[in-house]
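A, B, ... follow the sequence lines: proteins, then strands. Residue 1 opens every chain.
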Amino acid sequence: MFYVLAISLCLAVMFLVLAGASLLSLAGLRLVLRMAGPMRPGAKANLLFAARLLPLGLASIVTFGLALPAFVEFEPYSTGEGMGFRLLALAALGALALAGMVVRGINILRATRQAQQGWREHAYRIDLEGIKVPVYRVENAASLVAVTGILRPRIFVAREIIGALSPDELRAALSHEMAHVSSFDNLKQLLLKITRAPRWLKALYNVDAEWTDASEIAADQEALAEGTSVLDLSSALIKVGRLIRPMAGRQPIASHLVPSSCSSALENRVTCLSEILEGTGATPARSVRSKGLLLPLLLTLAGYVACVNALLPAVHEALEFLVR
Amino acid sequence: MWLKKQIGSRKATLGQLGSLESELMERVWHRGELSVRDLHAELAPRLAYTTVMTTMDRLYKKGMLQRRKAGKAFLYVAALSEQEYQEQLAQHLFGMVLHNGTNSGAVLSNFVDAVSDTDEKLLEHLDQLVKAKRRVLRRPE
């Protein structure tokens with residue numbers, strides 16, 4: 001009974017915090033979007049990602065950092081407490097939410113694996129100096145330049161693209177993809193997709209689109225900061241864009257997170273590159289990667305360590321209310 | 001001789017084929033029109049006649065083969081050339097991956113994933129800027 005009660009409480013608390021934090025963040029996200037406007041693309045992407053994942057992060061911290069320790073600390077192992085309807089209902093909703101995320105995650109990983117396998121069947125590995133992840137030349141996938149995979153990223157480039165781009169332009173395109181790899185953008189994308197909000201929750205949905213936009217510009221800026229020529233990157237963008245354009249009528253092209261109603265990430269990237277070429281925008285300096293997410297994580301950890309012992313009795317009281 | 005041309009009206013499903021299906025398709029692409037008996041003669045004794053017949057029927061139902069009746073047997077021919085199949089499969093996979101499904105899209109970061117009319121105009125403007133800059137730098141394209 002102790003373990004059943006512990007699991008039910010964890011699920012119930014997770015659901016309560018997740019739902020509450022998500023509702024509260026709806027209002028907060030408008031502020032975040034306004035704040036993020038003038039920020040650097042990398043910092044903006046980090047802020048938007050943190051804001052989107054905040055409800056899940058908070059739910060995990062409260063559940064596993066407070067509720068579970070409080071239960072283990074203060075609840076006798078031979079507890080005779082039963083489970084009321086309230087706890088059962090909340091635990092069921094929590095289990096449903098968790099199962100939904102797990103199923104969604106499995107589907108996404110399966111689709112990623114399927115795509116990789118499909119391309120690798122007609123691909124040859126090529127060696128390119130300075131590119132640290134495996135690069136494959138795909139024989140029959142038109143207009144493809146993409147990095148897939150989370151733990152073991154791989155870059156796939158269509159033969160058509162390799163033929164169309166000069167070596168410097170190809171290197172520029174791959175630098176952009178490498179910037180996605182070093183920023184763990186695919187992992188972030190996975191987490192955003194797993195916790196994706198329904199379309200009718202526009203505020204949350206728009207944050208995903210804004211994140212995609214910011215992460216694409218940040219990848220361009222990172223590539224430029226690493227020494228890629230703005231001319232080569234622009235040329236690569238133009239050539240790949242023109243190769244993709246004729247395909248638009250043949251198949252539904254949609255980006256992974258940007259809804260079709262939003263302005264495309266490409267539009268903003270082209271604007272940024274145009275500003276640099278026109279001299280109105282600055283070329284990004286070689287900079288240390290943004291530590292934007294590290295500081296809040298360290299502060300949260302320090303705050304948790306400082307307060308956890310004082311909070312546990314109060315948390316246990318709250319849990320008792322939930323059980324009764 | 002009663003001859004009835006029977007064209008598979010089903011659309012090719014473009015799913016990836018199993019290993020036996022792929023092997024049979026490769027033989028059909030290589031040999032052209034052939035019957036189950038012809039194919040089995042090449043594959044016996046490794047594969048039973050019924051296995052070949054069932055697999056060919058499955059490929060017909062998937063839209064990968066067309067068939068016509070010649071006497072008591074069916075003669076099979078590929079509905080798509082090998083190149084057409086590979087191209088369509090690649091397009092299918094690419095479209096499937098890029099499709100903005102609510103929870104089934106793969107995790108990937110594309111260099112460019114969509115180009116709208118506005119993007120096209122902006123790309124044109126960017127192209128002019130690049131060319132002008134290259135002219136200034138006297139750098140060959």
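- Closest non-hydrogen pair, A:Ala146 versus B:Leu108, comes out as CB-CD1, 3.8 Å.
- Taking the side chain as every heavy atom from C-beta outward, B:Lys133 and A:Val230 never approach each other to under 4.5 Å.
- Within the 4.5 Å cutoff, the side chain of A:Thr148 has no heavy atoms near those of the B:Val107 side chain.
- Using a 4.5 Å heavy-atom threshold, the side chains of B:Ser109 and A:Asn186 count as touching.
- Residue A:Tyr124 places its OH atom among 12 or fewer non-hydrogen atoms of other residues, nucleotides or ligands, all under 6.0 Å distant.
- Closest approach of B:Leu126 to A:Ser274, counting heavy atoms only: CD1-OG, 3.4 Å.
- Side-chain contact between A:Leu233 and B:Phe111: present, with at least one pair of heavy atoms (C-beta onward) separated by less than 4.5 Å.
- Both the backbone and the side chain of A:Ala236 come within contact range of chain B, judged by heavy atoms closer than 4.5 Å.
- Summarising the geometry of A:Ser234 relative to B:Val130, their closest heavy-atom pair is CB-CG2, 3.5 Å, with the distance given to 0.1 Å.
- The side-chain heavy atoms of B:His125 and A:Glu278, taken from C-beta on, include a pair separated by under 4.5 Å.
- The shortest distance between side-chain heavy atoms of B:Val112 and A:Val145 does not fall below 4.5 Å.
- Using a 4.0 Å cut-off between a side-chain N of Lys or Arg and a carboxylate O of Asp or Glu, A:Asp232 and B:Arg134 qualify as a salt bridge.
- When all heavy atoms of A:Glu177 and B:Asn110 are compared, the pair lying nearest together is OE2-C, 3.5 Å.
- Contact of A:Leu237 with chain B is made through backbone and side chain together, with heavy-atom distances under 4.5 Å.
- Atom CG of B:Leu123 is separated from atom CD1 of A:Ile238 by 6.5 Å, given to the nearest 0.5 angstrom.
- Sparse packing is recorded around CZ of A:Arg152, with 12 or fewer heavy atoms of other residues, nucleotides or ligands lying under 6.0 Å away.
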Next item on the list: Check the pair B:Glu124, A:Arg242 against side chain to side chain contact (heavy atoms under 4.5 Å, CB included), reporting the backbone distance first and the verdict last.
Entry: CA-CA 10 Å; B:Glu124 192 59 44; A:Arg242 283 178 178 162; 2.9 Å; yes
